[in-house]
Asker: 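Handing you this structure, nothing more for now.
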Amino acid sequence: MKLHEYQSKTIFSKYGIPIPKGRVAATPQEAREIAKELGGKVVIKAQVLVGGRGKAGGVKVANDPAEAEELAMQILGMSIKGLPVRKVLVDEASNIDQEIYFSITNDRAAKKPVMIASAAGGVDIEEVAAKTPEKIVKMHIDPIIGLKEYTARDVALAMGLPKQYMKDFTKIALGLWEVFKATDATLAEINPLVITKEKKMIALDGKMLLDDSALFRQVELEATRDTDEDAPAEIEARKYGLSFIKLDGNIGCMVNGAGLAMTSMDVIKLFGGEPANFLDIGGGADSKKVAAAMRIILTDPNVKAVLFNIFGGITRCDEVAKGILVAMDEVKPKVPMVVRLVGTNAEEGRKLLENANMITAETLADAAKKAVAAAKG
Amino acid sequence: MKLHEYQSKTIFSKYGIPIPKGRVAATPQEAREIAKELGGKVVIKAQVLVGGRGKAGGVKVANDPAEAEELAMQILGMSIKGLPVRKVLVDEASNIDQEIYFSITNDRAAKKPVMIASAAGGVDIEEVAAKTPEKIVKMHIDPIIGLKEYTARDVALAMGLPKQYMKDFTKIALGLWEVFKATDATLAEINPLVITKEKKMIALDGKMLLDDSALFRQVELEATRDTDEDAPAEIEARKYGLSFIKLDGNIGCMVNGAGLAMTSMDVIKLFGGEPANFLDIGGGADSKKVAAAMRIILTDPNVKAVLFNIFGGITRCDEVAKGILVAMDEVKPKVPMVVRLVGTNAEEGRKLLENANMITAETLADAAKKAVAAAKG
Amino acid sequence: MSILVDKNTRLIVQGITGNEGLFHTTQMVAYSDIVVGGVTPGKGGEKVLDTIPVFDSVKTAKDATDANASIIFVPAKFAADAMMEAADAGIPLIICITEGVPVQDMMRVRNYLDQKKVRLIGPNCPGLLTPGEAKVGIIPGNIAIPGNVGVVSRSGTLTYEVLYAMKNLNMGASTCVGIGGDPVNGTNFTDVLEMFQADPKTEKVIMIGEIGGNEEEKAAEFIKTKMNKPVASFIAGQTAPPGKRMGHAGAIIESGAGTAADKIKALEAAGVKVAKHPEEIPTLF
Amino acid sequence: MSILVDKNTRLIVQGITGNEGLFHTTQMVAYSDIVVGGVTPGKGGEKVLDTIPVFDSVKTAKDATDANASIIFVPAKFAADAMMEAADAGIPLIICITEGVPVQDMMRVRNYLDQKKVRLIGPNCPGLLTPGEAKVGIIPGNIAIPGNVGVVSRSGTLTYEVLYAMKNLNMGASTCVGIGGDPVNGTNFTDVLEMFQADPKTEKVIMIGEIGGNEEEKAAEFIKTKMNKPVASFIAGQTAPPGKRMGHAGAIIESGAGTAADKIKALEAAGVKVAKHPEEIPTLF
């Protein structure tokens with residue numbers, strides 16, 4: 001789950017990380033009000049859950065409340081990478097002296113969280129990492145012990161931070177670690193972390209990703225989820241615990257297991273077809289979940305055929321078959337359906353589907369070929 | 001630092017451990033009021049920082065507010081092991097079905113905290129431990145990982161707790177571990193932890209000891225310290241960071257280092273004397289601390305001679321000498337003083353004391369002999 | 001011979017009285033005689049399937065049964081504790097089937113288990129199958145036959161696909177190891193390849209990877225330098241759209257790695273034959 | 001030869017610019033040439049005593065000086081972090097002089113250091129002295145002369161007393177190890193006795209114990225079963241009043257152990273001569 005900049009920074013602030021004064025606005029009038037409260041120059045920043053908004057014109061500086069209103073109106077009228085801007089953050093402007101990059105994320109290879117820092121922060125940090133990797137500091141955090149002050153100091157020293165900022169940085173690093181832990185983040189990023197001309201260290205921007213698997217214990221944060229930008233099908237899929245990604249082809253896929261789902265897509269392509277979606281019903285899916293999955297697939301008007309590829313393990317084929325029957329009864333699909341059931345309770349599942357007028361297949365290759373043929377009509 | 005029962009139980013309650021309803025009273029009238037509020041039977045319990053109050057008559061049951069007042073008056077008039085009772089705890093009475101012993105303390109040999117539990121709890125727990133050690137469960141807690149729920153369950157299983165109480169116990173154990181950590185305790189003890197006839201688990205009594213070395217980060221708790229029961233000399237010593245214990249002899253001792261202080265006492269006894277105190281001025285003691293130590297020693301009218309045994313390491317002998325001079329100037333001692341200075345800056349120290357009319361010694365044995373002789377007059 | 005589990009394995013099931021735990025225990029018991037007990041706090045003293053004793057904790061289960069492996073079916077929010085409980089009780093091999101364990105939990109667990117030198121398979125994995133001897137997990141027993149091919153996979157159901165294709169060609173497996181697809185897990189490809197290389201019963205190896213991470217690349221390096229047994233492979237996700245980016249940090253920490261093309265290239269450079277679809281793998285030896 | 005420290009030790013001082021740190025660094029430098037650097041966060045780049053470089057962290061100090069030991073003089077509230085910092089930086093030998101470290105801190109530190117296989121001496125200890133070669137700590141250098149007697153002690157100043165008495169009898173020490181008197185510390189009697197037993201330069205051993213705990217009893221067991229070098233001892237606190245009781249728990253967890261009489265009995269049963277006062281010890285061999 002992604003958080004907006006303003007949400008991330010609110011959390012940062014709760015853990016003692018300095019952020020600019022500012023608030024979020026949904027209308028130009030609100031932006032004007034906030035600018036008035038703040039006084040002086042403000043920055044208007046589009047709140048969208050994609051990167052690259054700065055280059056797209058989604059960040060602008062206003063000198064007074066009137067200009068803030070005007071610029072907010074412009075930005076609130078924009079779409080960035082296809083996403084409409086529905087909110088802007090109005091922050092007081094800072095006098096930037098230096099931009100630092102600082103983040104905590106998971107290093108799956110090391111099995112540990114890692115701090116990434118660079119004194120050459122800012123929007124071009126990936127280029128810095130690619131061209132001058134020596135300017136990027138990476139230090140791991142022991143997930144059991146946690147971040148120690150001395151390790152944070154070592155990061156500051158390694159990136160060559162001026163010594164007078166070591167204490168500020170250490171405090172921010174410890175704060176960000178607390179944020180990372182408390183929110184079950186997979187990424188907590190401050191870019192830029194700026195040193196102002198007034199010698200203060202401030203988190204000017206913030207980006208956070210949360211671990212979807214941990215949302216069960218992040219109830220408050222999950223409640224703030226911004227679904228404006230999700231397709232209705234994705235929202236529906238999430239409700240049922242299904243993993244769904246819409247694609248551009250015409251063969252709907254319902255598979256159990258992410259690996260097998262990807263493979264089913266691979267094999268459809270191998271035999272000349274185009275998958276309409278990635279859909280993993282997960283392990284141990286019951287008939288309700290399966291019915292929901294089928295409804296989601298059939299909502300897509302592009303779908304000309306559906307491939308069910310279920311290899312039972314923790315998922316029982318009879319449960320899947322029941323779900324298919326429920327959904328067919330409800331949705332009355334007009335497109336051909338290719339079904340392949342193998343593994344746990346496959347026999348029982350096949351029996352249930354015997355009278356359902358479906359194309360059956362034995363192997364995955366066979367199933368894919370039949371689905372490709374069916375989609376071509 | 002010791003906490004009273006009522007203090008311990010207030011902390012327990014803050015961490016989700018059920019305790020009886022009740023409050024502390026300093027007068028019989030207050031006890032009556034509390035008994036009235038609580039309704040029904042109450043228990044009046046002397047709040048003194050020594051064990052064995054039950055056997056001394058410091059715990060009594062009252063059937064109504066009038067009896068509560070009367071019993072509180074009796075108990076508030078008592079002394080237990082020499083300590084006057086200044087407060088009583090008035091708790092609602094419980095219908096006890098079973099008494100359990102449960103505590104967390106430090107196992108220095110294992111370098112880990114340890115849980116100690118027994119289904120045969122109550123005042124005779126030490127006898128249980130001595131006679132039927134198999135009834136005592138001991139399980140360690142990894143100080144880095146902390147107490148895990150399953151380990152708490154293992155304790156419940158090992159002591160044979162009826163299964164219906166496993167969840168209650170687990171919650172209490174996890175709570176007590178949080179108490180132990182949060183307060184830097186060296187002991188957090190619930191005895192008895194009772195199961196009532198109403199099938200509830202309640203911490204009926206509580207005892208806590210805190211790590212004196214950790215009081216720098218337990219400011220709130222230290223502020224609640226009950227100094228009523230400390231000798232004035234001990235309060236004074238604590239103020240200066242001195243480790244002082246009053247004894248019954250007539251030779252005052254001021255030594256640096258606990259081991260050498262104990263040894264100095266041993267050697268005084270070996271040569272026929274009796275030490276008047278244990279006093280360790282600690283490492284790196286400055287002249288102020290030394291002067292305070294000397295004042296504390298000389299306050300004791302029994303003292304007939306003083307032995308200074310300082311072996312300089314982190315403590316510098318010249319600093320000690322300065323402190324002695326300051327204190328002598330102030331206190332004008334009438335008793336003979338034997339001084340032995342060896343180690344860091346001993347030469348400088350000896351020079352400072354040259355004109356101070358003190359008996360000097362080279363070896364510890366020599367110093368002890370001279371002190372014993374001086375005390376005999 | 002085989003790796004990790006065989007007919008002498010003494011297995012306990014954590015979460016044995018739950019829906020999934022009970023269902024798969026039934027399947028495991030039907031397959032082989034290795035389940036010696038189960039654990040569900042509060043249900044100690046009961047029995048499942050008439051004969052398998054249930055205990056309140058792994059410690060009491062281990063004390064009573066001398067178990068040397070534990071399989072975990074508890075819900076995700078309890079899985080981290082379940083793994084640590086098994087490790088603390090002295091179980092040397094833990095198989096965690098549970099999916100959806102939070103990644104920060106897994107980092108703590110993995111680091112803790114490493115300290116204790118405990119082998120973890122999973123989480124979010126189908127477990128282990130040594131055909132004809134031991135089914136420890138949810139791989140359907142009837143889709144594989146005993147043989148000399150070691151199988152290791154990050155995927156669940158895709159693994160079944162491959163075992164099934166092998167069986168249809170009358171090709172048997174020594175042991176099949178599902179290591180799970182989570183970003184932080186217990187055992188990786190290289191660990192298992194090392195075991196297969198050392199196992200006299202295993203003559204060939206099938207490795208089933210997928211996009212993301214760099215374990216396949218590391219495995220390729222291991223195969224190149226340390227293995228002399230033939231390896232065939234398949235990488236799932238060749239046509240998958242690029243995944244969601246983890247901000248700049250993701251780009252920095254996992255730069256470049258993780259595409260199917262990269263993995264296939266690395267494997268082919270190590271002499272591994274890479275199949276176009278899973279049913280093709282067994283035909284490549 | 002000697003144990004733990006000698007003229008090849010490369011020592012850094014954590015807290016070198018503090019009062020105590022600077023004072024004792026001066027003393028250590030005056031004694032021998034082993035101090036290669038110091039650490040005080042924020043003061044990196046400065047020098048003390050004109051020649052000794054100060055660093056901002058142990059890591060940078062270790063990188064620059066190749067130190068193999070660190071001595072800690074920081075205040076108690078920072079001591080736990082200082083020990084962990086040294087361990088994380090790869091320093092294999094840590095000597096913590098600081099007294100008053102909270103016991104829960106020490107339990108965490110000790111368990112952490114054990115995982116990392118780092119040797120800790122102290123805290124609340126006077127450190128180490130290998131006369132004529134290396135003074136690592138606060139033991140006054142002029143009270144001991146080189147020799148063949150290993151000295152190990154839980155006490156600080158009492159140790160000086162014994163070294164001084166030895167010197168007065170012209171008896172020298174191979175190495176003197178002050179392990180510190182805190183309930184939870186890094187190195188215990190048995191660890192050091194084992195080193196002395198293995199050290200060819202050490203021919204006899206003096207062990208100075210005190211009441212509390214059961215390390216002396218364990219040491220007696222070790223002496224009895226594993227040592228052939230003669231050991232003399234003294235136990236402080238023979239006349240001390242019984243200490244404060246740790247509730248019932250203290251009685252249960254440390255039942256009976258800890259009195260001077262018990263310790264003396266155990267040691268004498270192991271063939272150790274136990275002195276009546278410290279100055280008598282060196283006369284017992």
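On a predicted model such as this, the values are computed, not experimentally measured, just so you know. To find a chain, count down the sequence lines: A is the first, B the second, and so on, and within it residues start at 1.
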Asker: Give a yes or no on this: more than 12 heavy atoms of other residues, nucleotides or ligands lie within 6.0 Å of atom CG of Asn19(D).
Answerer: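 Counting neighbours around CG of Asn19(D), 12 or fewer heavy atoms of other residues, nucleotides or ligands fall under 6.0 Å, so no.
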Asker: Rounded to the nearest 0.5 Å, how far does CG of Asp266(B) lie from NE2 of His277(D)?
Answerer: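 Output value for this atom pair is 11.5 Å.
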Asker: Decide yes or no on side chain to side chain contact (heavy atoms under 4.5 Å, CB included) for Met83(D) and Met106(D), but give the supporting numbers first.
Answerer: CA-CA 10 Å; Met83(D) 289 182 256; Met106(D) 270 319 298; 3.5 Å; yes
Asker: With only heavy atoms counted, which part of Glu99(D) is less than 4.5 Å from chain B, the side chain, the backbone, both or neither?
Answerer: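 Side chain of Glu99(D) only, per the 4.5 Å heavy-atom cut-off to chain B.
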Asker: Specify which of Asn142(D), Ile143(D), Val103(D) makes the most heavy-atom pairs with chain B at under 4.5 Å.
Answerer: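 Counting heavy-atom pairs under 4.5 Å, the top option is Val103(D).
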Asker: Regarding Asp88(D) and Lys116(D), does a basic nitrogen lie under 4.0 Å from an acidic carboxylate oxygen?
Answerer: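 Between Lys116(D) and Asp88(D) there is a salt bridge, with a charged N closer than 4.0 Å to a carboxylate O.
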Asker: So which part of Phe216(B) gets closer than 4.5 Å to some heavy atom of chain D, the side chain, the backbone, both or neither?
Answerer: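 Only the side chain of Phe216(B) comes within 4.5 Å of chain D.
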Asker: Can you see whether Tyr164(D) engages Glu279(D) through a side-chain donor-acceptor pair at a distance of less than 3.5 angstrom?
Answerer: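 Checked: Tyr164(D)/Glu279(D) side chains show no N/O donor-acceptor pair below 3.5 Å.
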Asker: Taking every non-hydrogen pair under 4.5 Å, which of Ser155(D), Ala165(D), Ala236(D), Ser153(D) racks up the most with chain B?
Answerer: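 Top count of heavy-atom pairs under 4.5 Å with chain B: Ala236(D).
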Asker: Just so I know, are the side chains of Phe180(B) and Asn106(B) near enough to count as touching, which here means a heavy-atom distance under 4.5 Å?
Answerer: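 Of all side-chain heavy-atom pairs linking Asn106(B) with Phe180(B), at least one is under 4.5 Å.
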Asker: Which one wins on heavy-atom pair count under 4.5 Å against chain B: Lys218(D), Lys77(D), Lys276(D), Glu280(D)?
Answerer: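 Counting heavy-atom pairs under 4.5 Å, the top option is Lys77(D).
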Asker: Heavy-atom pairs under 4.5 Å with chain B - which of Glu161(D), Glu20(D), Arg110(D) has more of them than the others?
Answerer: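 Highest number of pairs under 4.5 Å: Glu161(D).
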Asker: Below 4.5 Å, heavy-atom pairs only: which of Asn124(D), Val184(D), Asn111(D), Val101(D) has the largest tally toward chain B?
Answerer: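 Option with the greatest count: Asn111(D).
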